[in-house]
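These notes concern the structure reproduced below.
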Amino acid sequence: MTENVLIFRQYPLAAGDKIHIADGKRRGDWLVVEVDEKKIKLRCPVSGREFSWNRFCYSVEKKKQQWPS
């Protein structure tokens with residue numbers, strides 16, 4: 001039986017990307033400083049402060065598919 005399922009994929013960010021996070025505790029403008037398999041380092045363009053977090057930026061697609069697969 002098919003269901004509506006949300007598919008999450010890590011967004012392929014790269015150093016130098018300028019991003020805007022629309023909501024949540026990290027909302028605002030950021031410069032991507034460094035990205036690896038597990039972590040992302042962002043710099044605030046206003047204060048210059050840098051933060052390293054577990055990767056959290058994803059693209060989302062809604063699909064009809066078998067669930068659970």
Side-chain angles (χ1 to χ4, degrees):
M1 177 178 201
T2 61
E3 301 280 347
N4 285 322
V5 179
L6 296 173
I7 312 297
F8 288 78
R9 291 187 177 87
Q10 282 190 341
Y11 192 83
L13 291 169
D17 287 345
K18 294 174 176 87
I19 65 173
H20 178 81
I21 299 172
D23 57 11
K25 65 182 180 181
R26 297 177 181 128
R27 71 182 172 269
D29 294 327
W30 297 96
L31 175 66
V32 178
V33 176
E34 191 177 313
V35 181
D36 65 26
E37 285 295 314
K38 294 183 181 182
K39 297 280 188 179
I40 183 169
K41 184 185 274 188
L42 302 177
R43 178 183 304 132
C44 174
V46 176
S47 69
R49 293 180 60 197
E50 292 186 358
F51 299 88
S52 183
W53 289 305
N54 290 332
R55 288 189 63 173
F56 62 92
C57 296
Y58 295 90
S59 61
V60 180
E61 172 187 4
K62 189 175 188 176
K63 268 176 91 167
K64 277 204 171 285
Q65 70 177 43
Q66 184 69 33
W67 189 91
S69 53

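In what follows, residues are counted from 1 in the order of the sequence shown.
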*Mind listing the closest non-hydrogen atom pair of Gly16 and Leu31 along with its distance?*
O-CD1, 3.6 Å
*Mind checking who shares a hydrophobic cluster with Met1, ILVMFWY linked at side-chain heavy-atom distances under 4.5 Å?*
none
_For Arg43, salt bridge (Lys or Arg N to Asp or Glu O under 4.0 Å) partners two or more places apart_ = Glu50
*Would you please name every residue forming a side-chain contact (heavy atoms from CB on, under 4.5 Å) with Val46, sequence neighbours left out?*
Cys44
*Tell me who clusters with Leu13, hydrophobic residues only, linked when side chains sit under 4.5 Å apart either directly or through other members.*
Tyr11, Ile19, Ile21, Trp30, Val32, Val35, Ile40, Leu42, Phe51, Trp53, Phe56
*Got a sec, which pairs hit salt bridge (Lys or Arg N to Asp or Glu O under 4.0 Å) with one end in residues 11-40, sequence neighbours left out?*
none
*Members sharing Ile7's hydrophobic cluster (side chains within less than 4.5 Å)*: Val5, Trp67
*For Arg9, what residues pass the salt bridge (Lys or Arg N to Asp or Glu O under 4.0 Å) criterion, not counting sequence neighbours?*
Glu61
*Rounded to the nearest 0.5 Å, how far does OG1 of Thr2 lie from CD of Gln65?*
9.5 Å
